[in-house]
Amino acid sequence: MLLSRVLEEKLGSLYRAGGRIVGGVYLGKGQEAFSAALGIQLRKGRDIYGPLIRDQAGRIAFGESLLDAVRTYLGAVTGPMRGRDGNIHRGRPKEGLMAMISHLGSLVSVVAGGLFARRLAGTLHDSVGATSIGDGGTSTGAFHEGLNMAAVEKLPLVISVANNQYAYSTPNCRQYACVDLVDRAKGYGVQGVAVDATDLGQCLEAFDAAVKRARNGEGPQMVVGHLLRLSGHGEHDDASYIPETARKGPSSVDCLPAAERRIIDEGWMNENELKDLFTEARGKVDQAVAKVSKEATPDPFKEKWQALSSEELAEGHHEA
Amino acid sequence: MLLSRVLEEKLGSLYRAGGRIVGGVYLGKGQEAFSAALGIQLRKGRDIYGPLIRDQAGRIAFGESLLDAVRTYLGAVTGPMRGRDGNIHRGRPKEGLMAMISHLGSLVSVVAGGLFARRLAGTLHDSVGATSIGDGGTSTGAFHEGLNMAAVEKLPLVISVANNQYAYSTPNCRQYACVDLVDRAKGYGVQGVAVDATDLGQCLEAFDAAVKRARNGEGPQMVVGHLLRLSGHGEHDDASYIPETARKGPSSVDCLPAAERRIIDEGWMNENELKDLFTEARGKVDQAVAKVSKEATPDPFKEKWQALSSEELAEGHHEA
Amino acid sequence: MSITYLEAIREAQYEALRNNPSVFLYGQDIGSFGGAFKATKNLNKEFPGRVFDSPISEDAMVGMAVGAAVEGARPIVEMQFADFSSVGFNQIVNQAATLYWRTSTPCPITIRMPSGGTAGSGPFHSQSMEAIYAHYPGLVIVTPATVEDAYWMLLDSIAINDPVIYCEHKFLYYHLKADEIGTRTLPIGKARIARPGRHATIVTYSAMVHEALRAAEELQLDGYSIEVVDLRSVKPMDTDTILASVARTGRLLAVGEAFPWGGVTAEIIARVASEGFHLLDAPPMRLNSKDTPIPYHPNLWKAHRPTIATIAAALRRLLRY
Amino acid sequence: MSITYLEAIREAQYEALRNNPSVFLYGQDIGSFGGAFKATKNLNKEFPGRVFDSPISEDAMVGMAVGAAVEGARPIVEMQFADFSSVGFNQIVNQAATLYWRTSTPCPITIRMPSGGTAGSGPFHSQSMEAIYAHYPGLVIVTPATVEDAYWMLLDSIAINDPVIYCEHKFLYYHLKADEIGTRTLPIGKARIARPGRHATIVTYSAMVHEALRAAEELQLDGYSIEVVDLRSVKPMDTDTILASVARTGRLLAVGEAFPWGGVTAEIIARVASEGFHLLDAPPMRLNSKDTPIPYHPNLWKAHRPTIATIAAALRRLLRY
Ligand SMILES: Cc1ncc(C[n+]2csc(CCOP(=O)(O)OP(=O)(O)O)c2C)c(N)n1
Ligand SMILES: Cc1ncc(C[n+]2csc(CCOP(=O)(O)OP(=O)(O)O)c2C)c(N)n1
Ligand SMILES: [Mg+2]
Ligand SMILES: [Mg+2]
């Protein structure tokens with residue numbers, strides 16, 4: 001989560017400086033504990049992970065390389081999306097890291113489908129699938145259909161609901177009317193828990209338990225995390241619509257310094273060791289950015305303008 | 001519900017005889033108590049009603065005429081759908097009776113929208129909206145989005161969930177994984193109750209209370225009724241997939257004779273009075289069928305082939 | 001012995017399930033019930049654990065197929081009616097269709113869509129959505145018109161490493177019969193000369209092929225020989241075969257059952273007008289259904305879509321030019 | 001003082017809210033935030049209780065608008081991006097579009113769709129879906145290309161008693177400016193001669209009107225005078241104005257930013273080829289984006305859609321014929 005924060009701060013400053021970043025930047029500030037706590041439960045190469053907008057920390061914990069992130073944000077042709085798609089849409093599906101489309105909720109059934117196919121092929125073993133959704137995303141039909149289907153099929157799917165109180169500018173009161181989104185779990189026949197997502201310890205415990213239950217064949221699991229989005233929706237957004245009361249509310253705690261304090265208080269590391277970690281992270285990020293800056297951006301003349309994998313079925317462009 | 005049963009039996013036999021009925025026939029046998037108990041709570045001209053497949057009884061209770069039903073089934077051009085659409089899709093939206101499209105779940109938001117507009121216009125007063133869904137229909141994204149939106153807007157919407165254990169041939173175990181569909185209510189922030197829908201008394205009580213709560217401004221209400229579909233999905237379907245255990249299970253009680261017994265036992269009517277009611281109903285239905293049989297079916301040369309209400313924007317057909 | 005169009009669809013799924021353990025079937029009521037039209041009859045008995053009844057969740061049905069395909073499966077999704085794919089639309093055009101292009105991960109899914117009109121089915125059980133899907137990059141759209149094609153093109157669709165929208169016409173299900181399935185037909189992407197002729201070309205597809213053939217027979221009585229091209233797949237569309245036919249006849253009528261604005265017939269005419277302008281001896285014509293929802297009553301339905309009579313009338317106008 | 005295309009959209013909504021108490025606005029983040037693009041900036045302050053933030057539920061957003069319209073309201077729904085209307089697709093094409101035809105109840109809703117490509121927006125924030133909606137009976141599809149049309153056509157859309165898909169092009173939001181909104185423009189259904197000419201006609205719409213105009217200027221330097229027709233609405237499509245232009249020039253190039261299979265350009269060519277065949281001195285041509293999803297990186301995006309250069313090149317080929 002520390003590396004995630006450092007990377008995202010860099011991406012934010014590159015965005016504000018202009019010129020280097022292609023398109024928008026969407027950060028997960030304040031959500032690192034919740035996101036990473038799920039990511040570290042997953043085993044790359046064996047589990048399926050479908051991260052969403054604010055899951056940089058989860059991606060790193062899952063094992064996505066820094067280079068994949070930086071290359072996608074900088075639109076390098078060397079990245080997994082080759083300049084065709086950007087930022088948070090990146091992924092390597094064949095390696096279990098799904099590449100989200102923008103339409104919220106639509107990844108739930110996709111991750112479920114991966115698990116379904118594995119069970120059919122006899123290769124499921126104790127693998128799990130995990131994906132995220134925001135408070136806003138829970139209002140989509142796709143979320144509902146996907147989770148219900150996963151429950152009917154009793155798939156080992158862990159769904160993490162990051163309730164950061166806002167969907168872009170829309171507050172929870174315009175998004176749902178239940179007391180806590182975890183109240184939805186029972187209606188799907190799914191086990192659900194809610195945690196204070198600003199507290200790394202609670203997050204770790206909840207996801208550890210949920211992922212274990214899923215691995216044990218107990219069917220889909222829902223973990224709802226309460227927190228506040230500490231950045232704009234994207235870096236173009238100053239989030240001035242978030243009122244002071246929320247900014248100072250109990251969920252506004254920044255999980256990262258809180259976790260640092262805990263680490264120091266518990267004596268797991270001292271301040272200098274932590275500082276070293278930051279310095280190391282900054283070094284890695286700067287190195288990645290420096291490397292990618294020299295890499296090629298896509299060339300339309302070298303681009304293969306073909307959406308189908310089947311060569312023989314591709315049509316010409318029927319251009320004038 | 002008695003008239004409904006008589007009408008539907010007639011429609012079923014017309015279907016089997018062949019030649020008169022246009023398209024399929026979808027009956028509500030066994031669901032009359034649940035459907036009518038909602039319908040009679042509604043005031044035509046003031047409330048909005050969006051009936052679904054098995055709501056013939058609710059339609060009659062709401063005040064839809066027998067002629068509208070028969071004309072639509074027989075494809076008479078005099079009917080509300082003028083032969084353009086058929087059977088259960090009929091309605092008179094301007095009179096508060098919505099005309100469902102086939103896509104399940106999609107009426108929930110429409111009924112909510114009607115209430116929303118009334119509140120905005122200051123004409124909501126104590127009117128309510130009501131619509132139905134089946135166990136299968138609850139799996140649609142449209143149902144989820146519509147109910148969630150109604151809850152967010154705190155609209156006086158009553159949703160009746162007729163859990164008749166099957167969606168066409170698909171049993172509940174392949175449709176959802178919660179214990180009882182009423183468990184969903186809390187997740188929407190909606191009040192929910194479950195009833196034995198084969199028992200008219202329970203149905204009346206539940207809908208009376210739910211509609212009252214909605215009228216009182218307590219927001220959306222969900223009433224889940226447990227029963228068994230006592231007909232095929234449509235009259236083309238012999239429902240042989242419903243196993244003996246279900247056919248003899250506690251939900252397999254036919255609400256109509258059960259209600260009759262109750263009426264006689266309580267001394268509200270005697271057997272002869274009930275028989276007279278049936279005879280009267282048969283007379284009405286036969287009369288309606290006889291009348292409609294003489295009415296014109298649509299004539300393609302008189303048909304106005306235009307989907308838009310705005311004359312000036314209609315395009316020609318661009319026929320060869 | 002004979003086999004119907006519908007049975008051919010069942011047989012193809014049988015073959016696919018038998019030959020490839022990665023194939024599975026997912027759709028509403030397709031398990032023990034065998035599907036609303038019985039296209040999967042007995043398959044769940046013959047292949048236990050590979051044919052699944054799904055919840056009424058078209059969006060999730062397609063999404064799950066995509067996820068399964070990523071893991072190496074080759075799912076076949078049955079929409080109960082093509083019309084209901086409108087609620088799975090997003091997963092089809094944005095999730096499935098873009099996956100390979102975005103991530104280099106092929107997406108071998110087949111979505112079966114019972115399409116087209118039948119008497120008394122009305123606005124929501126009669127639609128032909130091929131043009132909607134063909135507009136989006138990344139999808140293959142097939143529209144078999146014969147028993148042979150129903151069989152072989154379904155097997156080919158399953159074999160293709162891209163998402164295929166398989167539009168099967170409900171009007172042909174029971175009526176269209178062949179003595180046997182026959183030998184392998186043309187590959188997907190190639191059109192077929194359903195009837196050779198010299199005076200005019202009808203380009204069409206799916207159920208309208210049969211109406212066109214009958215209209216051609218009618219014109220034969222007047223001494224005209226009409227060529228009928230069956231597109232077989234509307235994307236890719238076999239422009240070469242179309243142009244070669246128009247080169248022979250000099251006259252083009254494009255016929256389709258879908259709505260008139262845009263769609264397959266507009267695409268046919270646009271291609272011929274652009275790439276074969278000099279081949280045309282007369283203005284190209286098209287014939288579609290009318291620009292209203294599809295009516296429920298058979299009286300109206302019969303007048304809404306092209307018929308032998310309206311096709312023949314259009315041909316006569318085309319030939320008089 | 002000057003006004004942008006985006007501001008014109010805001011002003012039109014302001015006017016509609018002011019003049020008609022039945023109008024209300026429903027969409028994600030359109031309330032106090034003023035919308036992702038600020039098309040509803042301050043409207044919720046100026047019209048308290050008439051501008052609503054919706055949940056992320058495109059299906060329900062459209063469904064609720066239909067229900068409200070039945071009760072006499074005139075809702076304007078904002079899709080955050082046209083691309084997200086794919087999850088509201090069913091309510092648009094099956095609920096809203098069929099309501100009047102089925103029940104004689106008009107359905108006066110307006111759905112605003114921020115459409116089209118901008119650099120760095122990628123496959124799911126750049127789509128042009130006009131052809132998808134135009135295929136379905138019962139919808140009106142407008143595609144304003146000027147500040148004046150953005151304003152007047154939005155007011156007209158709200159006034160129409162049928163569902164209107166209002167495709168506003170994001171590329172024009174900030175760049176396109178006018179000194180003032182100007183007087184009432186043509187009614188919906190009428191195309192506009194954006195530039196008169198004698199040697200060839202470009203028929204186009206939305207943002208591509210401006211690329212076409214610049215290409216026409218380029219050709220002017222070579223001594224060619226190119227007529228540019230701005231369709232304004234793609235359904236209804238003003239065939240008469242198109243044919244009259246082709247009658248003057250004898251040459252047709254149809255240009256659109258959407259995907260190449262089918263769509264507006266195919267419809268234009270099909271109409272001209274069928275109804276104005278004898279007017280054409282050369283094969284009609286069309287130019288669309290490429291048949292892949294819309295790329296994220298500006299290098300690719302610029303090559304994916306038609307540009308001044310590719311339009312000019314196409315014109316040169318057309319004129320050489
Ligand atoms: C179906 C759909 N509609 C609209 C959008 C536009 N959109 C992108 S992010 C967003 C807000 C998401 O809020 P939430 O789910 O709470 O996630 P958060 O951004 O708070 O992490 C919206 C409306 C979308 N991506 N998908
Ligand atoms: C979105 C959608 N998918 C599929 C169908 C086809 N269909 C019509 S009725 C039905 C079963 C409905 O079951 P349920 O909701 O339980 O209602 P019931 O028939 O039991 O009253 C299905 C699958 C449909 N109408 N809508
Ligand atoms: Mg949020
Ligand atoms: Mg049911």
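What you see is a predicted model, and the numbers here were worked out from it, not measured in a lab. Convention: sequence-line order gives letters A, B, ...; per-chain numbering from 1.
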Minimum heavy-atom separation for A:His103 to D:Ser86, with atom names? NE2-OG, 3.2 Å

Can you label the angle between the D:His304 ring and the A:Trp305 ring as parallel, tilted or perpendicular, going by 30° and 60°? tilted

Could you look at D:Ser54 and say if it's the side chain, the backbone, both or neither that has a heavy atom under 4.5 Å from chain A? backbone

Residue part contacting chain A, namely of D:Asp59, when any heavy atom lies under 4.5 Å: neither

Considering all heavy atoms of both residues, which atom of D:Leu300 and which atom of A:Gly83 are nearest to each other, and what is their separation? CD1-O, 3.8 Å

Atom NZ of residue position A:Lys291 - does it have more than 12 heavy atoms of other residues, nucleotides or ligands inside 6.0 Å? no

Quick one: of D:Gln28, D:His125, D:Glu58, who has the most non-hydrogen atom pairs under 4.5 Å with chain A? D:His125

Please determine, among D:Asn299, D:Leu318, D:Asp29, D:Thr292, the option with the most heavy-atom pairs under 4.5 Å with chain A. D:Asp29

Among the options A:Gly23, A:Ala307, A:Pro300, A:Ser169, pick out the one with the most heavy-atom pairs lying under 4.5 Å from chain D. A:Ser169

Max heavy-atom pairs within cutoff under 4.5 Å with chain D, candidates A:Pro298, A:Gly75, A:Gly136, goes to A:Pro298

NZ/D:Lys302: more than 12 non-hydrogen atoms of other groups inside 6.0 Å: no

Heavy-atom proximity to chain A below 4.5 Å, by part of D:Ile294: backbone

Worked verdict on A:Thr72 versus D:Tyr296 for side chain to side chain contact (heavy atoms under 4.5 Å, CB included): CA-CA 10 Å; A:Thr72 306; D:Tyr296 176 70; 5.6 Å; no

Under 4.5 Å heavy-atom distance to chain D, tell me which part of A:Glu303 shows up: side chain, backbone, both or neither. side chain

Which atoms of D:Ser57 are under 4.5 Å from chain A, going by heavy atoms: the side chain, the backbone, both sets, or neither? both

Does any heavy atom of chain A fall under 4.5 Å from the side chain of D:Trp261, the backbone, both, or neither of them? side chain

Interchain contact, A:Tyr168 with chain D, by part (heavy-atom threshold 4.5 Å): both

When the 4.5 angstrom heavy-atom criterion is applied to A:Asp237 and chain D, the contacting part is side chain

Counting only heavy atoms closer than 4.5 Å, note whether A:Leu104 contacts chain D via side chain, backbone, both or neither. side chain

